[in-house]
Amino acid sequence: MLHFRPVYVPERSLDLSLHWGLGIMATVLIFLLFASGLMLKFTYEPSLSSAHDSVNYLIDTVPFGQLLRNLHRWSANGLLMVVFLHFLRVFYTGAFIAPRQVNWIVGLVLFAAVVLSNFTGYLLPWDQLAYWAVTISTSMLDYIPVAGPGLREWILGGTEPGPKTLVNFYAIHTALLPALLLFFVPFHFWRIRKAKGLVIKTTPGAEPAASGDMVEAMPHLFMREAAIALVTLAAVLLVSMLYNAPLGELANPGLSPNPTKAPWYFMGIQEMLIHFHPVFALLVIPGLLVLGLLSIPYINYEATAPGVWFHSVKGRKMVLTAAVFAAVATAGMVWLDDHLAAGYQAGPAGLVRNGLLPFAILLAVSAVFYLALRKIFKANNYEMVQAMFTLIVTSFVVLTVIGVWFRGAGMQLGWAA
Ligand code: HEM
Ligand code: HEM
């Protein structure tokens with residue numbers, strides 16, 4: 001441990017109310033996924049004729065097979081949530097500012113690897129849920145002009161999910177992405193060391209906190225990490241003992257469920273597709289968001305406050321305002337669009353009516369909000385970026401919630417059974 005981790009750490013960086021142990025929880029879940037994933041490989045068979053049977057065999061015949069599958073499945077879902085919360089904590093404590101900007105980018109790569117691991121794993125049991133979720137998710141690619149259909153065929157190894165898709169996803173899931181994680185997680189840790197540890201928590205308006213006294217990592221850091229690891233393991237084990245991972249009927253390409261939904265972490269995008277032309281829902285908006293996320297650490301801020309939750313007292317109020325505004329406006333716009341707009345229009349007219357026009361409305365609403373907030377709060381750059389980030393993240397969460405829980409048969413608004 002001491003070769004890989006620091007021997008001494010700043011005592012003040014051990015404060016749980018700064019990092020909430022989320023990074024360690026994510027690391028523990030990745031360990032658990034590797035351990036359970038390697039065990040699953042002993043029974044899982046990546047072929048159309050036996051994938052579903054092999055999962056059934058695992059559940060019915062292998063001692064603790066069901067528990068093993070549950071552990072893998074619930075850790076995977078838990079990891080998504082924990083990484084998302086870790087990403088929020090890093091952002092809202094200003095921990096992406098130099099010298100940590102590279103680690104923010106590494107974090108984004110890790111985030112993508114975790115989402116893709118979940119997505120590729122989801123197909124492997126080859127049940128109805130998996131088959132149709134992957135069909136709907138990859139069919140979204142078709143809408144991307146020029147490269148879309150080719151990209152979809154390349155990923156699927158054919159025009160629809162089939163034997164090659166399973167082999168592709170299996171290789172990506174159990175070799176490529178694990179290799180990526182094995183490289184980038186230690187790299188992430190190394191960058192933390194290079195930055196001389198975590199940001200130190202301090203209060204709004206105070207001078208940036210000094211690191212203070214150093215203490216030995218053993219026992220001070222490692223005991224805390226061990227405690228967080230045990231709590232995480234206990235939580236996943238408990239959930240795995242109480243709830244079985246769902247397994248539907250064998251995939252049937254001729255019978256699509258209604259509604260056909262993507263996995264929950266893609267439902268925000270699927271919901272966006274209901275309201276925007278695919279070029280905007282899949283290319284323009286996500287493209288701009290990724291560019292925005294990558295550039296966050298490189299914006300020129302006139303004031304920064306690493307270690308202060310929400311930057312300042314004013315920042316805190318602005319984040320709350322943005323979150324409430326985004327939640328109400330997003331839900332309102334979804335409802336309005338569902339009731340007023342009459343479906344898609346084909347061709348270039350559709351691109352204007354379902355794409356450019358709603359996108360322009362979105363930009364206009366955001367711009368008015370931005371200017372009003374800047375004026376009312378007399379905010380600095382940093383506080384504005386924080387508020388706009390909150391606006392976007394909240395909207396995305398609301399879209400996801402609507403997609404998962406409020407879209408029933410035919411993707412109509414209502415309570416999803
Ligand atoms: C971040 C890491 C990982 C994530 C998020 C993840 C996620 C998932 C998910 C969501 C499933 C579908 C589970 C189900 O429906 O039962 C799955 C299945 C599977 N995973 Fe992983 N996994 C990860 C790492 C690994 C690793 C490292 C291996 C092995 C080297 C592995 C091997 C498998 C196998 C063999 C299955 C099919 C068995 C089954 O579906 O029950 N996974 N994974
Ligand atoms: C597989 C996913 C990830 C793992 C295993 C991981 C692990 C960790 C750990 C253990 C820490 C130190 C303790 C803590 O802050 O809780 C940390 C810090 C950090 N992480 Fe992550 N992380 C992941 C994803 C991300 C993401 C998505 C981002 C942001 C885009 C990110 C950015 C950072 C930064 C900037 C720090 C330094 C924070 C500071 O100095 O206070 N990480 N990460």
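Along the sequence shown, the residues carry numbers beginning at 1. Counting starts at 1 for both ligands and their atoms, in listed order. Both backbone and side-chain heavy atoms feed into the values below; hydrogens, waters and symmetry mates do not. Bear in mind that the values here come from a model prediction, so they are computed numbers and not experimental data.
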Aromatic centroids of Phe119 and Tyr265 separated by under 6.0 Å: no
I'd like to check which ligand 2 atoms, numbered from 1 as shown, lie under 4.0 Å from a non-hydrogen atom of Ile24. 10 (C)
Does Asp213 have more than 12 heavy atoms from other residues, nucleotides or ligands lying within 6.0 Å of its CG? no
Which heavy atom of Tyr44 sits nearest a heavy atom of Leu166, and at what distance? OH-CD1, 3.7 Å
N, O or S atom within His173 nearest to atom 21 (Fe) of ligand 1, by name: NE2
Stepwise, does the ring-ring contact (aromatic ring centres under 6.0 Å, His included) test hold for Phe184 with Trp190? CA-CA 10 Å; Phe184 278 106; Trp190 177 70; over 10 Å; no
Protein heavy-atom partner closest to atom 31 (C) of ligand 1 - residue, atom, separation in Å: Gly37 CA, 3.4 Å
Logged contact type for Leu124 with ligand 1, heavy-atom cut-off 4.0 Å, is side chain
According to the interplanar angle, ranging from 0 to 90°, do the rings of Tyr382 and His311 count as parallel (below 30°), tilted (30 to 60°) or perpendicular (above 60°)? parallel
List the closest protein heavy-atom neighbour of atom 11 (C) of ligand 2: residue, atom name, distance to the nearest 0.1 Å. Ile192 CD1, 3.4 Å
What one should report as the nearest heavy-atom pair of Asn380 and Arg374 is C-NH2, 3.7 Å
Among protein heavy atoms, which sits nearest to atom 2 (C) of ligand 1, and what does the distance come to when rounded to 0.1 Å? Leu33 CD1, 3.7 Å
Assess whether side-chain contact (heavy atoms from CB on, under 4.5 Å) is satisfied between Glu225 and Ile228, documenting all intermediate values. CA-CA 5 Å; Glu225 290 183 342; Ile228 294 168; 5.6 Å; no
With heavy atoms under 4.0 Å as the rule, classify the contact between Leu181 and ligand 2 as side chain, backbone, both or neither. neither
Interatomic distance, Thr165 atom OG1 to Tyr170 atom OH [nearest 0.5 angstrom]: 16.0 Å
Take every heavy atom of Phe87, measure it against each atom of ligand 2, and state whether any distance is under 4.0 Å. yes
Scanning both residues in full, the closest heavy-atom pair of Arg407 with Val334 reads NH2-CG1, 3.7 Å
Ignoring hydrogens and angles, state whether a donor on the side chain of Glu45 or Ser50 is under 3.5 Å from an acceptor on the partner side chain. yes
Is the contact between Thr93 and ligand 2 made by the side chain, the backbone, both, or neither, using heavy atoms and a 4.0 Å cut-off? neither
Which atoms from ligand 2 have a heavy atom of Ala95 less than 4.0 Å away? 35 (C), 38 (C), 39 (C), 41 (O)
With heavy atoms under 4.0 Å as the rule, classify the contact between Phe189 and ligand 2 as side chain, backbone, both or neither. side chain
Pairs of nitrogen or oxygen atoms closer than 3.5 Å, one from Arg69 and one from ligand 1: do any exist? yes
State whether the shortest distance between N or O atoms of His72 and N or O atoms of ligand 1 falls below 3.5 angstrom. yes
Could you tell me the residue and atom name of the protein heavy atom closest to atom 30 (C) of ligand 2, and the distance to it rounded to 0.1 Å? Trp104 O, 3.4 Å
When every non-hydrogen atom of Leu80 is compared with those of Trp264, the smallest separation belongs to CD1-CZ2, 3.7 Å
Which heavy atom of Leu18 sits nearest to which heavy atom of Arg89, and what is that distance? O-CD, 3.3 Å
Note the single closest protein heavy atom to atom 6 (C) of ligand 2, along with its residue, its atom name and the distance in Å. His188 CD2, 3.4 Å
closest protein heavy atom to atom 3 (C) of ligand 2 is Leu110 CD1, 3.8 Å
Quick one: look up the protein heavy atom nearest atom 28 (C) of ligand 2 and list residue, atom name and how far away it is. Gly107 CA, 3.4 Å
Within the 4.0 Å heavy-atom cut-off, what Pro178 brings close to ligand 1 is side chain
Just which atoms of ligand 1 are under 4.0 Å from any heavy atom in Ala76? 5 (C), 7 (C), 10 (C)
Just distances here: any N/O of Ser117 and N/O of ligand 1 closer than 3.5 Å? no
Minimum non-hydrogen distance to atom 34 (C) of ligand 2, winning option of Leu85, Val82, Val90, Ile228: Val90
With a cut-off of 6.0 Å (strictly less than), are more than 12 heavy atoms of other residues, nucleotides or ligands near NZ of Lys317? no
For atom 1 (C) of ligand 2, find the nearest protein heavy atom and state the residue, atom name and distance (0.1 Å precision). Ile30 CD1, 3.5 Å
Shortest non-hydrogen separation from Ile105 to Leu294 and the atoms involved: CD1-O, 3.6 Å
Candidate list Thr138, Thr159, Asp142, test side-chain hydrogen bond (donor to acceptor under 3.5 Å, both in side chains), partner Arg152, passing option: Asp142
Specify whether Phe389 and Phe91 have parallel, tilted or perpendicular ring planes, treating 30° as the upper limit for parallel and 60° as the lower limit for perpendicular. parallel
Looking only at non-hydrogen atoms, which of Ala26, Pro99, Pro306 approaches atom 5 (C) of ligand 2 most closely? Ala26
Applying a heavy-atom cut-off of 4.0 Å, say which part of Leu108 lies close to ligand 2: side chain, backbone, both or neither. both
Atoms of ligand 1 less than 4.0 Å from Leu38 heavy atoms? 29 (C), 30 (C)
Any side-chain donor paired with an acceptor under 3.5 Å for Tyr92 and Thr390? yes
Going by heavy-atom distance to atom 13 (C) of ligand 1, choose the closest among His52, Gln66, Arg73. Arg73
Note: ligand 1 atoms sitting under 4.0 Å from heavy atoms of Gly121 are 8 (C), 9 (C), 11 (C), 12 (C), 17 (C), 18 (C), 43 (N)
Restricting to N/O/S, name the atom of His86 that gets closest to atom 21 (Fe) of ligand 2. NE2
Atoms of ligand 2 close to Val83 [distance to a heavy atom under 4.0 angstrom, numbered from 1]: 2 (C), 27 (C)
Which atoms of ligand 2 sit under 4.0 Å from any heavy atom of Thr27? 5 (C), 10 (C)
Tell me whether ligand 1 is touched by Asn118 - counting only heavy atoms on the residue side and a distance under 4.0 Å. yes
To the nearest 0.5 Å, atom CG of Asp338 lies from atom NE2 of His275 at 5.5 Å
What residue and heavy atom of the protein are closest to atom 35 (C) of ligand 1, and at what distance? Leu40 CB, 3.7 Å
May I ask whether Arg89 places a heavy atom under 4.0 Å from ligand 2? yes
Among protein heavy atoms, which sits nearest to atom 10 (C) of ligand 2, and what does the distance come to when rounded to 0.1 Å? Gly23 C, 3.3 Å
Would you indicate whether the side-chain heavy atoms of Phe276 and Leu282 approach each other to under 4.5 Å? no
For atom 40 (O) of ligand 2, what's the nearest protein heavy-atom neighbour? Residue, atom name and distance, please. Arg100 NE, 2.7 Å
Without swapping roles, check the side chain of Trp132 against the backbone of Leu255 for a donor-acceptor pair under 3.5 Å. yes
Residue selection (non-hydrogen contact nearest atom 32 (C) of ligand 1) among Thr174, Thr120, Leu180: Thr174
